[in-house]
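In what follows, a structure is listed as structure tokens, so that the remarks can point back to it.
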Amino acid sequence: MYIFDSVKKEKVEFVSLVPNAVTMYVCGPTVYDDAHLGHARSALSFDMLFRTLKSLGYSVNFIRNFTDVDDKIIKKMQKSGKSLKDITEYYIQRYNEDMDALNITRPTLTPKATENLEAMQDMIKNLLSKNIAYKISNGDIYFDTAKDKLYGKLSNKVSDETLSRIERVSEKRSDKDFALWKACHENDTVCFDASFGKGRPGWHIECSAMIEKHTKPIGGYSIDIHGGGADLLFPHHENEASQSRCATGHELAKYWMHNGFVQIDGEKMSKSLGNSFFLKDILKVYNGEIVRFYLSSIHYRNDFNFNEEDLLNSKKRLDKLYRLKKRVFDASVSKPNVEFKKSLLEAMSDDLNISVALSLIDEMIAKSNELLDTNANDKNVKKEIMANIEFINELLGFGYQDPFSYFQLGLNDELVAKINSLIKQRTDAKSQKNFALADKIREELKGMDINIMDTPNGTVWEKIS
RNA sequence: GGUUCCAUCGCCAAGCGGUAAGGCCGCAGCCUGCAAAGCUGCUAUCCCCGGUUCAAAUCCGGGUGGGACCUCCA
């Protein structure tokens, strides 16, 4: 397995801390709103890593957190009058629903910040006792970045210019110091007790504390892989790495991986620009698997430019897989083709090279169709093809639907009945050599986005686009 | 301003020093009543200029043009 380490900035061979086992931690969402395309991309990227590692035989401990205490959530509380728990539980459920729709595997552990306050407080106490953290007059506790000689080595991004952009708090020892604990003020509703004063945790401390709590350090590292969106490298991951290093004496992660951003029609997607695409809006129009296939079709480190035209094009590629599946649907599953399985796994083992993987699948589809053209009833051929598709699903997470219902997505019973009736009429017309009428009916179906195909076993149809 | 990534066929997109994968679109053929689907074949010398090398889309230098991060963000 080779992965691109975004700290070393090069592709490196992955060697797990413990043989045959991997611990990976990915920064999850702050749950104050519905999940957008960016959340999907991140989850999808690491889902594919998760699946690939498992297929390679590793037992994988995959942790992804929920940030369920945060200023943005508090703002939402004030606006809506709802409780913190009402808001976060709702959006956690929404997040899970949306990710499930994309067939994203649930991590082995999904800790919440509010359920790990003790671990955070322990780490803050630890840092205070070492005089690496300090309290200012309003009660806030800051991390003293000057105490960590390695601060900045992760993102390589801490210049004076950069610092001038970070929020200035006069009592901070240095502008780069960041909050570990934000003290309660008179009107604050979200307050947790701690020996060093009531308050709530800063953002960065939660990941460090949860990793520390849920994993066992080995070989100088807490975990094998730490992942997240490209924007998190600085300051979030820099700060995480620094506070963990200072608190525990060892490094946080052996490898760091960051997924690229999603743009919409060439524009950056962000809350402030107001062009944020919620997953739920897309899922109303397109089946989750189609969205998954599209979003995963480009290498995880590249920027992804989302647009509907490309989505529709990528769907055509997935259609071909399902047409093949239709041809073998009645076969049981045997073992996948050895060469195919090996090459697919090899592609994904090369820093998740999905493009090569997809081209291998296209190749398999063409070969299989050819085989079926000449050996239509060879059970062993069919079984192997089914097994190939099954393996694609295991490794890449698509191809799992019933092939017939896949081509009927978005249709209700009434429409299906009408389509079948039209096809019957056309078949009758054909048998009477009334091709003019048959073609007219075909046109009518096409107007309904229905494609028909005459096969030796009768006329079959598909919903297109 | 600092840091950083990228530029490959009409569109999407691999490639990581050894002579340009794949998909969409298009064209031709087989198949078909005609189609559709499927199969087969065809379609690029890699933004520009230098350099290193027997050999560069791939490495180095310089341009040009985009993007991202540096503020909450996946």
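Letters go in sequence order (proteins before strands), and every chain restarts at 1. Small disclaimer: the values here were computed from a predicted structure and weren't measured.
At a threshold of 4.5 Å between non-hydrogen side-chain atoms, the residues Ile282(A) and Phe277(A) count as touching.
G33(B) is unpaired under the criterion used here, namely a Watson-Crick or G-U wobble arrangement in which both key atom distances are under 3.5 Å. Shown here, A68(B) forms a base pair with U3(B); the pair counts as Watson-Crick or G-U wobble because both key distances fall under 3.5 Å. When both pairing distances are held under 3.5 Å, A57(B) makes no Watson-Crick or G-U pair with any nucleotide shown. In this structure U52(B) sits in no base pair that meets the Watson-Crick or G-U test at under 3.5 Å. G10(B) and C24(B) make up a base pair, with Watson-Crick or G-U wobble contacts both under 3.5 Å.
Looking at heavy-atom distances under 4.0 Å, Arg426(A) makes contact with a base. His236(A) comes within 4.0 angstrom of no nucleic acid atom, judged by non-hydrogen atoms across all strands. Within the 4.0 angstrom heavy-atom criterion, no nucleotide atom of any strand lies near Ala40(A). Using a 4.0 Å heavy-atom criterion, one finds that Asp439(A) contacts the bases of the nucleic acid, with or without backbone contacts as well. When heavy atoms are screened at a 4.0 angstrom cut-off, Val262(A) is found touching base atoms of the nucleic acid. Within the nucleic acid shown, Lys446(A) has no heavy atom closer than 4.0 Å to any nucleic acid atom. Within 4.0 Å (heavy atoms only), Arg442(A) reaches at least one base atom of the nucleic acid. Note on Lys320(A): only backbone sugar-phosphate atoms sit closer than 4.0 angstrom, heavy atoms only; bases stay farther off. Within 4.0 Å (heavy atoms only), Gly229(A) reaches sugar-phosphate atoms of the nucleic acid but no base atom. Contact annotation for Ile452(A): base contact, defined as any heavy-atom pair under 4.0 Å involving a base atom.
With C69(B), A14(B), C39(B) as the choices, the nucleotide that has an atom nearest any side-chain atom of Asp231(A) turns out to be C69(B). With A74(B), C39(B), C11(B) as the choices, the nucleotide that has an atom nearest any side-chain atom of His36(A) turns out to be A74(B). Out of A14(B), G38(B), G33(B), the shortest distance to the side chain of Asn353(A) is found at A14(B). Distances were taken from every side-chain heavy atom of Asn156(A) (C-beta onward) to each of A74(B), C12(B), U3(B); the shortest belongs to U3(B). Distances from the side chain of Arg317(A) to the nucleotides A74(B), G23(B), C11(B) place G23(B) closest. Nearest nucleotide to the Lys430(A) side chain, out of A37(B), C69(B), G33(B): G33(B). When distances are taken from the side chain of Asp362(A) to each of G22(B), C11(B), U40(B), the shortest belongs to G22(B). For Met453(A), the side-chain atoms get nearest to A37(B) when compared with the rest of A37(B), C11(B), C16(B). Distance from the side chain of Ser359(A) is smallest for G22(B) among the nucleotides A36(B), G22(B), A13(B). Which of A13(B), G33(B), U40(B) sits closest to the side chain of Ser355(A) comes down to A13(B).
For Phe14(A) and Tyr255(A), the ring centers sit closer than 6.0 Å to each other. Side-chain rings of Phe178(A) and Tyr142(A) stay apart, their centers remaining 6.0 Å or farther from each other.
Between Asn259(A) and the phosphate of A74(B), there is no side-chain N or O to OP1/OP2 separation shorter than 4.0 Å. Between Lys316(A) and C25(B) there is a side-chain polar atom (N or O) within less than 4.0 angstrom of OP1 or OP2. An OP1 or OP2 oxygen of C11(B) is reached within less than 4.0 angstrom by no side-chain nitrogen or oxygen of Asn313(A). The side chain of Trp203(A) contributes an N or O atom lying less than 4.0 Å from OP1 or OP2 of C73(B).
Salt-bridge formation is detected for the pair Arg200(A)/Asp71(A): a Lys NZ or Arg NE/NH1/NH2 atom is positioned less than 4.0 Å from an Asp or Glu carboxylate oxygen. Between Arg94(A) and Glu97(A) a salt bridge is recorded (basic side-chain N to carboxylate O distance below 4.0 Å). Ion pairing between Lys379(A) and Asp330(A) fails under the 4.0 Å rule for side-chain N and carboxylate O. Lys440(A) and Glu444(A) are not joined by a salt bridge, as no carboxylate oxygen comes within less than 4.0 angstrom of a charged side-chain nitrogen. Between Lys315(A) and Asp310(A) no salt bridge is recorded (no basic side-chain N to carboxylate O distance below 4.0 Å).
Leu318(A) has its CG atom 17 Å from the C1' atom of A13(B), to the nearest Å. The interatomic distance linking Glu346(A) (CD) with A21(B) (P) rounds to 19 Å, in whole Å. Between the P atom of G38(B) and the CZ atom of Arg323(A) lies a distance of 5 Å, rounded to the nearest Å. Following rounding to the nearest Å, Asp303(A) (CG) and A7(B) (P) show an atom-to-atom distance of 11 Å. Taking atom CD of Glu10(A) as the reference point, atom P of C5(B) lies 12 Å away to the nearest angstrom. Atom CG in Leu437(A) sits roughly 18 Å away from atom P in C34(B) (whole-Å rounding). A straight line from CZ of Arg301(A) to C1' of U4(B) spans 14 Å, rounded to a whole angstrom. A straight line from CG of Asp428(A) to C1' of G33(B) spans 16 Å, rounded to a whole angstrom.
Distance noted for atom P between A36(B) and A28(B): 12 Å (whole Å). Atom name P, nucleotides C60(B) and U45(B): the rounded distance is 25 Å, in whole Å. Using C1' as the reference atom, A14(B) and A57(B) are 12 Å apart when rounded to the nearest Å. Taking atom P on both nucleotides, G63(B) is separated from G26(B) by 43 Å, rounded to a whole Å. For the P atoms, the distance linking G67(B) with G50(B) amounts to 28 Å, nearest Å. For the P atoms, the distance linking U43(B) with A21(B) amounts to 11 Å, nearest Å. Distance noted for atom P between C59(B) and U8(B): 15 Å (whole Å). Taking the C1' atom of each, G17(B) and U58(B) are spaced 7 Å apart, rounded to whole Å.
For the ring-ring contact (aromatic ring centres under 6.0 Å, His included) with Phe398(A), the lone residue among Tyr406(A), Phe293(A), Tyr294(A), Tyr322(A) that qualifies is Phe293(A).
Both thresholds, 5.5 Å between centres and 30° between ring planes, are met by Phe261(A) relative to the base of A74(B), so the two rings are stacked.
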For His237(A) and His258(A), run ring pair (Phe, Tyr, Trp, His ring centres under 6.0 Å): C-alpha distance rounded to whole Å, both residues' side-chain angles, the deciding distance at 0.1 Å, then the answer. CA-CA 10 Å; His237(A) 289 163; His258(A) 293 89; 4.9 Å; yes
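For the pair Asn307(A) and Glu363(A), nearest-nucleotide mapping onto RNA chain B gives the more 5' position to Asn307(A). Each of Glu309(A) and Asp454(A) lies near RNA chain B, and the nucleotide nearest Glu309(A) is the one positioned closer to the 5' end.
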